[in-house]
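Structure, as structure tokens:
All values below come from the heavy atoms of this structure, side chains included, with hydrogens, waters and symmetry mates left out. Chain identifiers are assigned alphabetically (A, B, ...) following the order of the sequence lines, protein sequences preceding nucleic acid strands; residue numbering begins at 1 within each chain.
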There are 2 protein chains.
Amino acid sequence: MKFGIIGAGNGGHAFAAYLGLKGHEVYWYDIDSDVVHALNEQGGVYVNGKLNGFAPIKHATDHIQEVIEQANIIMVVAPANAHRVIAKNCSPHLKEKQMIVLNPGATGGALEFYQELKNNHCTADVTIAETQSLLFACRLESPGSVSIYGIKENLPMAAFPNERTESAYRILAPIFTEWVKGENVLEVSLGNLNAMLHPAPSLCSLTKIDQKQEFLHYLDGITASVANFIEKMDEERINIGKAYGLDLPSSKQLLREFYGVEGETIDELTRNNQAYQTIAGAQTVSNRYFAEDIPMGLIPMSQLAKAAGVQTPTIDSIIHIVSSILDDDFSSSSRTLESMGLENKSVEHILKLIEQGESSQVMNG
Amino acid sequence: MKFGIIGAGNGGHAFAAYLGLKGHEVYWYDIDSDVVHALNEQGGVYVNGKLNGFAPIKHATDHIQEVIEQANIIMVVAPANAHRVIAKNCSPHLKEKQMIVLNPGATGGALEFYQELKNNHCTADVTIAETQSLLFACRLESPGSVSIYGIKENLPMAAFPNERTESAYRILAPIFTEWVKGENVLEVSLGNLNAMLHPAPSLCSLTKIDQKQEFLHYLDGITASVANFIEKMDEERINIGKAYGLDLPSSKQLLREFYGVEGETIDELTRNNQAYQTIAGAQTVSNRYFAEDIPMGLIPMSQLAKAAGVQTPTIDSIIHIVSSILDDDFSSSSRTLESMGLENKSVEHILKLIEQGESSQVMNG
């Protein structure tokens, strides 16, 4: 299979290694021409940890169309904040039957990507899938070298529109054997574990961040009180799912499923998780634990809640406080009902749209 | 003058020293019979720092009525959470023309104290005053020994009903020369600096508290980001005041007035404040920086805002998050419009009540 990879950060490197070692053709885009040059010089990626070896790539480039033109499946592996501009930049080049996979979609990724293609007058009939989390726990050592210290199990994916999830899964599952089929993109989007586990520990470690005290995000950041805070957010997240007919697993269940870890409480599960042992805490308030997980996670969750008449006071409170601290209410950047194409729609209408795509609105709306 | 002091903690000791050294008769109540015994054995209080010497007391007791029966002026110097039970226990013993002073009232102290006397069928015509903050920065060294390392200047007081503030001030000002007359109890209550400066740094140091890492509340807790958080709360507090016709000073102005300290930002002002240099951060999540300043500070502020149709999203957010963390929404303990006697009243009606007391309701309401 010909894969395009958009992004040469931690996750992009891990996917290049994973796919290259499995013999797939990898076409790779990154915005940084120095990184692109280094990747082409080396001709592939060195990987160690859960995978080991040298994975060849076909070509790296800082011209996105060179990747889009070659690939059957386009793996977007970038901070969710970049999804919108990536959609815009892809839109003139996409062809019929291509598949785009957001790794992960954060909350509302596939829906927003679709809207942005539409806003940019893309008419190619593409399928947009998203995964619930990044497949890998990994760290970029240098351009062309990556350590993979964890590969998740039972990672849900779904496509928009949902009637294509089955066919997308049939193509992807033989390659990504750790993936499972989610109920729909709403279930996958509302399973955004990062949004539960990233902002609260950062807020409750804010004086450490400001004082440049190094700390471990999970081991120092998720104390018993912070776990309690996260549990309250998690209950609200699960309630949003209920309003859309979804029986979402708790964050505790997700930790058990993804990592095979045992424990009773959020703090126990994160402490016991080998993949979390060395992950550093945020070093600045502009870190992605706020800058990505609030506007691309908690805010679209809160928006989905509002559309369904669900109260999310704890989620709304942390959004508000972090916004206050940063002097940024994310209003120009965050995912909203509008950017996800869901504004002024009932739950029933949203569910039909998720299932059938926008054509159903024309036919039935 | 005969003073009763209710409470033999840090502040109670400082007042006993302050009043005893000025030659006033001090009758002193504390709930702890061991402390009471030690105080009577010693016959007074040793004080050092801003005041120095031995201040005699007349009598200490763990029977509150022995103090109430003797005193002209009753100084309540206890956590605000205890004001309600103190009012209840005082109510059978109060006599005409006594004055009660809450040091400080936190937010809504005088109003709640009055309601609680009424709820307990107290008919004595007493005046209830409150100060905006504790007069002293002080530390109890042992029963009968206190260090006073700061005495505030320009500390506002007011009485309920407000038409008695002038006469109360005429009695108190010659003794408490640092006090100034506030506009009314709403102004004094909304000037609750502790509610601004205590909960936010504690929330943003929560992982330190859970991990038993010692830190200084002001110097480590009020970093630049936390100062920004506090500024947003402070803007909301000032907006509440506006709705009640009050031009409240900012927390920065209060720091300058109380401590004569200089600086541009909240973090700079707190860092520069000599009285704050050694004050330790909370050691448990059940500390008074949450347990007192949320239910007796931020919640009644939020309630006053609601009565006036003012939005306080930052204040409400921290209330909600701390409640989530503690699994306690403070609903059984916090000050509310009802406990302050203000439920279902317009701003105009509240202002008339504050000014004239409840008789005005009978006559005009």
Side-chain angles (χ1 to χ4, degrees), chain A residues 199-236 266-267 270-271 281-282 284-287 290 298 302 311-329, chain B residues 199-236 266-267 270-271 281-282 284-287 290 298 302 311-329:
Chain A
S202 300
L203 176 62
C204 297
S205 305
L206 189 65
T207 58
K208 289 184 186 173
I209 296 170
D210 268 356
Q211 293 187 310
K212 305 290 176 204
Q213 290 176 21
E214 288 188 9
F215 66 101
L216 296 170
H217 179 77
Y218 292 96
L219 270 63
D220 295 323
I222 303 189
T223 60
S225 298
V226 177
N228 214 10
F229 185 178
I230 292 170
E231 287 276 16
K232 301 301 188 303
M233 295 169 63
D234 208 44
E235 287 167 14
E236 294 174 3
I266 296 260
D267 48 320
T270 47
R271 248 191 337 267
T284 67
V285 292
S286 57
N287 75 86
F290 289 152
L298 294 180
S302 174
Q311 299 293 310
T312 53
T314 316
I315 288 173
D316 293 347
S317 292
I318 186 168
I319 292 169
H320 184 83
I321 286 177
V322 175
S323 300
S324 297
I325 289 167
L326 299 180
D327 279 317
D328 179 4
D329 66 2
Chain B
S202 300
L203 175 62
C204 297
S205 304
L206 190 65
T207 59
K208 289 184 185 173
I209 296 171
D210 268 357
Q211 293 186 310
K212 306 288 177 205
Q213 291 175 21
E214 288 187 9
F215 66 102
L216 296 171
H217 179 77
Y218 293 96
L219 270 62
D220 295 324
I222 303 189
T223 59
S225 298
V226 176
N228 214 10
F229 184 177
I230 292 170
E231 288 275 17
K232 301 299 189 301
M233 295 170 64
D234 208 44
E235 288 166 13
E236 294 174 3
I266 295 262
D267 48 320
T270 49
R271 248 190 338 267
T284 67
V285 291
S286 58
N287 74 87
F290 290 152
L298 295 179
S302 174
Q311 300 292 311
T312 53
T314 316
I315 288 174
D316 294 348
S317 293
I318 186 167
I319 292 169
H320 184 83
I321 287 177
V322 175
S323 300
S324 297
I325 288 166
L326 299 180
D327 279 317
D328 179 4
D329 66 2

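- In plain terms, the two heavy atoms of B/T314 and A/H320 that are nearest each other are OG1-NE2, 2.7 Å.
- Closest non-hydrogen pair, A/V285 versus B/S225, comes out as CG1-OG, 3.3 Å.
- Considering all non-hydrogen atoms of both residues, B/Q211 and A/L219 come closest at NE2-O, 4.1 Å.
- For B/Q311, the CD atom counts as loosely surrounded, since its 6.0 Å shell holds 12 or fewer non-hydrogen atoms of other residues, nucleotides or ligands.
- Interface residue A/Q213: only side-chain heavy atoms are found under 4.5 Å from chain B.
- B/I325 CD1 to A/C204 SG: the interatomic distance, rounded to the nearest 0.5 Å, is 5.0 Å.
- Here CG of B/L203 is found 5.0 Å from CG of A/L203. Values are rounded to the nearest 0.5 Å.
- Looking at B/V226, both its backbone and its side chain come within 4.5 Å of chain A, counting heavy atoms on both sides.
- To the nearest 0.5 angstrom, B/I230 atom CD1 is 12.0 Å from A/S324 atom OG.
- Between the CG atom of A/L206 and the NZ atom of B/K208 there is a distance of 10.0 Å, given to the nearest 0.5 Å.
- By number of non-hydrogen pairs under 4.5 angstrom with chain A, the leading residue of B/S205, B/A200, B/P201, B/S202 is B/S205.
- For A/N228 against B/D327, the heavy-atom pair with the smallest separation is ND2-OD2, 3.0 Å.
- The CD1 atom of B/I321 lies 10.0 Å from the CG atom of A/D316; values are rounded to the nearest 0.5 Å.
- Using a 4.5 Å cut-off between heavy atoms, A/I209 makes no contact with chain B at all.
- Of all non-hydrogen atoms in A/G221 and B/T207, the two that sit nearest each other are O-CG2, 3.5 Å.
- In terms of non-hydrogen atom pairs under 4.5 Å with chain A, the most contact-rich of B/D210, B/V322, B/I318 is B/D210.
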